[in-house]
Amino acid sequence: MLQLKNISKNFGGLQVLQDVNFNVPQGGIFGLIGPNGAGKTTVFNLITGLLRASGGAIEFDGQDIGKVAAHKITERGIARTFQNIRVFKEMTLLENVVVGMHDHMDYGFGSVLLNLGGYRRIEAQARERALELLSWLRLDHKAQMLADSLSYGEQRKLEFARALATKPKLLLLDEPVAGMNPAEKTELMEEILNIKQRGFSIFMIEHDMRFVMGLCDRIAVLNFGRIIAEGSPDEIKNNQEVIEAYLGKEDSE
């Protein structure tokens, strides 16, 4: 589904990524892990068009997206959440999710201005779909509440619902449990598994090893800008180079 081929990224004289290769298959959950500063978020920024690679190619569904604009990449079926939650706190949960659908709502400006039947019908369908997505994350009972009233974990789930509203083929999760307590992490793990079971493909980066090992079907490990291992959770857990990379991180703190 998603292929990174010999990807490199330089910022001036600093090489952040070097010959990065991996495939994210359709279906299931793929994880990218690594110590702080390994280059994980840079990978996500390249995939979503926020940055351009210095070398190599990124393909999605067999098409090169390395030079495609960020909003066009979303239209092609890649949605992303961010490490820092980005919800509209002054809007209701329902409104937050409907915002994610606007690129797929087929009505003209004239229909909006005149409040024509076609516009009203599409808006009603969008609200119905938004409620459905909120129900997937068990937030539909709070649909009319302001997002600012949610707990941290609930805001993260709302962000998931809004990403799903873009009709993604691939959902990118950027450190989804950052800042969460153990109970919130366990609950979010269940929600991500539910999303997977609904047929969505998921690609996540995360520091919490227990969370990653409990969710991912396959994992790649990035260290100092290069892939040092790829395999099943058991293979990664027992890989000596991976162990040394994380021990090195702990020694440096």
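Note that the numbering runs from 1 along the sequence shown for the chain.
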Are [Y] and [X] connected in a single hydrophobic cluster, I mean Ile/Leu/Val/Met/Phe/Trp/Tyr linked by side-chain heavy atoms less than 4.5 Å apart?
X    : Y    : answer
L133 : I192 : yes
L46  : F60  : yes
I205 : L173 : no
L32  : V212 : no
V97  : W136 : yes

Taking all heavy atoms of [X] and all of [Y], pick out the closest pair and write down the distance.
X    : Y    : answer
A163 : P168 : O-CD, 3.6 Å
A220 : F30  : CB-CZ, 3.8 Å
V98  : A130 : CG2-CB, 3.9 Å
L222 : I227 : CD1-CD1, 3.7 Å
A229 : I236 : CB-CD1, 3.9 Å
E159 : R156 : OE1-NH1, 2.9 Å

Who pairs with [X] by salt bridge (charged side-chain N to carboxylate O under 4.0 Å, His left out), at least two apart in sequence or on another chain?
X    : value
E128 : none
E241 : R226
E187 : K157
E132 : R129

Any [X] side-chain heavy atom under 4.5 Å of [Y] side chain:
X    : Y    : result
L17  : T42  : yes
L94  : L131 : yes
F22  : E230 : yes
L150 : V87  : no
L164 : L137 : yes
L158 : K89  : no
I7   : V43  : no
R138 : E191 : yes

Pair K185 + E206: basic N to acidic O under 4.0 Å: no
Residues I58, L2; criterion side-chain contact (heavy atoms from CB on, under 4.5 Å); working and verdict: CA-CA 7 Å; I58 302 173; L2 177 71; 4.0 Å; yes
Pairwise ring pair (Phe, Tyr, Trp, His ring centres under 6.0 Å) hits with a residue in residues 157-196, at least two apart: none
Ring pair (Phe, Tyr, Trp, His ring centres under 6.0 Å) contacts in which one or both residues fall within residues 169-188, not counting sequence neighbours: none
With rounding to the nearest 0.5 Å, note down the distance linking [atom1] in [X] to [atom2] in [Y].
X    : Y    : atom1 : atom2 : value
Q155 : I85  : CD    : CD1   : 5.0 Å
I47  : R80  : CD1   : CZ    : 9.0 Å
R76  : T166 : CZ    : OG1   : 15.0 Å
L188 : D208 : CG    : CG    : 11.0 Å
D174 : T41  : CG    : OG1   : 4.5 Å
K167 : F200 : NZ    : CZ    : 10.5 Å

Residues two or more places apart in sequence or in another chain: which of them pass side chain to side chain contact (heavy atoms under 4.5 Å, CB included) with [X]?
X    : value
A69  : H71, K72
N223 : P35, I228, A245
P233 : M213, I219

Over 12 foreign heavy atoms within 6.0 Å of CZ, R218: yes
Q125, CD: over 12 other non-hydrogen atoms inside 6.0 angstrom: yes
Plane angle bin for F203 and F44 - parallel if under 30°, tilted between 30 and 60°, otherwise perpendicular: perpendicular
Kindly say whether [Y] contributes a backbone atom to a donor-acceptor pair with the side chain of [X] at under 3.5 angstrom?
X    : Y    : value
S8   : Q18  : no
N21  : N6   : yes
N181 : E184 : yes

Pairs meeting criterion side-chain hydrogen bond (donor to acceptor under 3.5 Å, both in side chains) with involvement of residues 49-69, two or more places apart: K5-E59, D61-K169
From CA spacing to verdict: side-chain contact (heavy atoms from CB on, under 4.5 Å), I195, I202: CA-CA 9 Å; I195 292 170; I202 298 170; 3.9 Å; yes
Apart from L50 itself, residues in the same hydrophobic cluster as defined by side-chain heavy atoms under 4.5 Å: F82
K40/E175 under salt bridge (charged side-chain N to carboxylate O under 4.0 Å, His left out): CA gap, chis, key distance, verdict: CA-CA 10 Å; K40 302 183 298 298; E175 297 196 22; 5.1 Å; no
Return all side-chain donor-acceptor pairs below 3.5 angstrom for residues 142-149, not counting sequence neighbours, or 'none' if the list is empty.
| unit_1 | atom_1 | unit_2 | atom_2 | d |
| --- | --- | --- | --- | --- |
| K142 | NZ | E154 | OE1 | 3.3 |
| K142 | NZ | E154 | OE2 | 2.7 |
| S149 | OG | L146 | O | 2.6 |

side-chain contact (heavy atoms from CB on, under 4.5 Å), paired with K196, selected from L215, I29, L171: I29
